[in-house]
K.L.:
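Provided herewith is a single structure, encoded as structure tokens, for subsequent inquiry.
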Amino acid sequence: MRIDRLVGILSILLQKDKVTTPELAEYFEVNRRTISRDIEELCKAGIPIVATQGKGGGISIMDGYRMDRTLLTNKEMQDILAGLRSLDSVNGTRRYVQLMDKLSVGSSDFMTGNQSVLIDLSSWYQNALSAKIEIIRNAIDSRMELEFYYYSPREESKRQIEPYYLIFKWSSWYVWGWCKAKRDFRLFKLNRMEEVGINGHAFEGRKCPLPDLRDVNIFPGGIEIKALIKPEYKWKLVEEYGPNCYVEQADGRLLFRSNYANKDYLIEWLLAFRDGVELVEPEEIRAEMQVLLESMRKAYK
């Protein structure tokens, strides 16, 4: 795309004293006339580019235009690279690192092992997710409807949606779109979607609100809990909630208080402690736990 090339040319000019038109043409795999037109566009945008003829000549940005040879410091560039790598880790591509390659031309030290921060946000299901992500992105870009089979806690159903946003949150991928069955905007989790495809129907697009991704809206109904947890599970509390999340009791157990937005997730969390937790409040969920544990006891009798 031309905008990518213009940004790339500007980055090179900011990091190098001088560069020639043939060098730029070879790097971006276009002809010299195209590079000349790009330079004209940059000049029209207010970038003071100077061209000198003859031996040792080339294209450069007027020295007084910038304070430094680059817009960003080494540490800033490394932080950006870490962030871009994390984006690649969640969608299973090298798209963002390739973008960084373009932006860091002439600064090879950014790319050769000087990074001290590595971020991997990839899911256990990354291989399956990357194909879905590409299909959804293509559908959004081309304004085509998506269809898929969806597994929700309430039902399993075939859905058709107008996709508008691809979202990464809570360590998971989601797509936000207008659901034709529900006649409203809905958030769908990619791990629950199967047989994802573009159904061939175009849509004009409608005014799309940004999704409100606060937990209280996605998982309505705050649940105040109080639990007593055996000290051997202190590490788990510290890992998830920090070192000041409990009060040690006389019998050595840890009194933990928190707010949960979703009952099912709360029960799953409690079961992860095995016999190391006693839910004290709320009483109604304590009663549900008793029924659940009795049912489990019968299953393993």
K.L.:
Can Arg253 and Glu248 be counted as an ion pair, charged N to O under 4.0 angstrom?
P.N.:
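No salt bridge links Arg253 with Glu248.
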K.L.:
Given 3.5 Å as the limit, does a donor-acceptor pair link the side chain of Thr34 with the main chain of Val30, or not?
P.N.:
no
K.L.:
Atom CZ of Arg5 and atom CD of Glu41: how far apart are they, to the nearest 0.5 Å?
P.N.:
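Taking CZ in Arg5 and CD in Glu41, the distance rounds to 10.5 Å.
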K.L.:
Could you tell me whether a side-chain N or O of Lys132 sits under 3.5 Å from a main-chain N or O of Leu190, the two making a donor and an acceptor?
P.N.:
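Here the side-chain-to-backbone pair exists.
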K.L.:
Return the orientation label for the Phe256 and Trp269 ring planes: parallel under 30°, perpendicular over 60°, tilted otherwise.
P.N.:
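Judged by the thresholds at 30° and 60°, the geometry between Phe256 and Trp269 is tilted.
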K.L.:
For Gln53, I'd like to know if atom CD has over 12 heavy atoms of other residues, nucleotides or ligands within 6.0 Å.
P.N.:
no
K.L.:
Under 3.5 Å, which donor-acceptor pairs link side chains of residues 228-237 to any protein atom two or more places apart or in another chain?
P.N.:
from, atom 1, to, atom 2, distance (Å)
Tyr233, OH, Phe273, O, 3.2
Trp235, NE1, Glu232, O, 3.2
Lys236, NZ, Glu240, OE2, 3.0

K.L.:
Which residues satisfy the side chain to side chain donor-acceptor pair (under 3.5 Å) test with Arg183, sequence neighbours excluded?
P.N.:
none
K.L.:
Find the distance between CZ (Arg186) and CG (Asp184) and round it off to the nearest 0.5 Å.
P.N.:
4.5 Å
K.L.:
Knowing that exactly one of Ile35, Asn31, Ile39 qualifies, which makes a side chain to side chain contact (heavy atoms under 4.5 Å, CB included) with Thr21?
P.N.:
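Per the side chain to side chain contact (heavy atoms under 4.5 Å, CB included) rule, the option paired with Thr21 is Ile35, out of Ile35, Asn31, Ile39.
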K.L.:
Should we say atom CD of Glu29 is surrounded by more than 12 heavy atoms from elsewhere, each under 6.0 Å from it?
P.N.:
no
K.L.:
State whether the number of non-hydrogen atoms from other residues, nucleotides or ligands found under 6.0 Å of Arg206 atom CZ is greater than 12.
P.N.:
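Yes, CZ of Arg206 has more than 12 neighbouring heavy atoms, counting only those of other groups under 6.0 Å.
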K.L.:
Could you check whether any side-chain heavy atom of Ile61 comes within less than 4.5 Å of a side-chain heavy atom of Leu10, counting everything from C-beta outward?
P.N.:
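Yes, at least one pair of side-chain atoms sits under 4.5 Å.
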K.L.:
Is Lys263 close to Tyr265 at the side-chain level, that is, under 4.5 Å between some pair of heavy atoms?
P.N.:
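Contact flag for Tyr265/Lys263 side chains = no.
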K.L.:
Quickly, which of Ile167, Leu146, Ile136, Val175 forms a side chain to side chain contact (heavy atoms under 4.5 Å, CB included) with Phe188? Name it, please.
P.N.:
Val175
K.L.:
Thinking salt bridges, do Glu194 and Lys189 make one under a 4.0 Å N-O criterion?
P.N.:
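Here Glu194 does not pair with Lys189 in a salt bridge, since their nearest N and O are not under 4.0 Å apart.
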K.L.:
Mind running side-chain hydrogen bond (donor to acceptor under 3.5 Å, both in side chains) on Arg297 and Ser295 for me, showing each step along the way?
P.N.:
CA-CA 5 Å; Arg297 187 191 69 80; Ser295 176; over 6 Å; no
K.L.:
Does atom CD of Gln249 have more than 12 heavy-atom neighbours, drawn from other residues, nucleotides or ligands, at distances under 6.0 Å?
P.N.:
yes
K.L.:
Verify, without hydrogens or angle tests, whether Thr52 (side chain) and Gly58 (backbone) share a donor-acceptor contact under 3.5 angstrom.
P.N.:
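Here the side-chain-to-backbone pair exists.
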K.L.:
Go through the steps to decide whether Arg257 and Glu224 satisfy the test salt bridge (Lys or Arg N to Asp or Glu O under 4.0 Å), and finish with yes or no.
P.N.:
CA-CA 7 Å; Arg257 298 175 184 268; Glu224 296 286 343; over 6 Å; no
K.L.:
If I take atom OH from residue Tyr260 and atom CD1 from residue Ile267, how far apart are they, to the nearest 0.5 angstrom?
P.N.:
11.5 Å
K.L.:
Taking a hydrophobic cluster as the set of Ile, Leu, Val, Met, Phe, Trp and Tyr residues connected by side-chain heavy atoms closer than 4.5 Å, whether directly or through intermediates, do Val280 and Val277 fall within one such cluster?
P.N.:
no
K.L.:
Keeping the roles fixed (side chain from Glu23, backbone from Thr20), state whether a donor-acceptor pair exists under 3.5 Å.
P.N.:
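Yes.
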K.L.:
Going by heavy atoms in the side chains, are Trp176 and Pro163 under 4.5 Å from each other?
P.N.:
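No - every pair of side-chain heavy atoms lies 4.5 Å or more apart.
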K.L.:
For Leu255, is there any backbone N or O sitting under 3.5 Å from a side-chain donor or acceptor partner on Lys226?
P.N.:
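Side chain of Lys226 to backbone of Leu255: no pair is present.
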K.L.:
Checking side-chain hydrogen bond (donor to acceptor under 3.5 Å, both in side chains) for the pair Glu162/Tyr164: CA distance, chi angles, key distance, verdict?
P.N.:
CA-CA 7 Å; Glu162 299 173 2; Tyr164 289 93; 2.9 Å; yes
K.L.:
I want to check something: taking the side chain as every heavy atom from C-beta on, are Pro282 and Ile223 in contact at a cut-off of under 4.5 Å?
P.N.:
yes
K.L.:
Examine distances only and state if a side-chain atom of Arg192 and a backbone atom of Tyr150 form a donor-acceptor pair shorter than 3.5 Å.
P.N.:
no
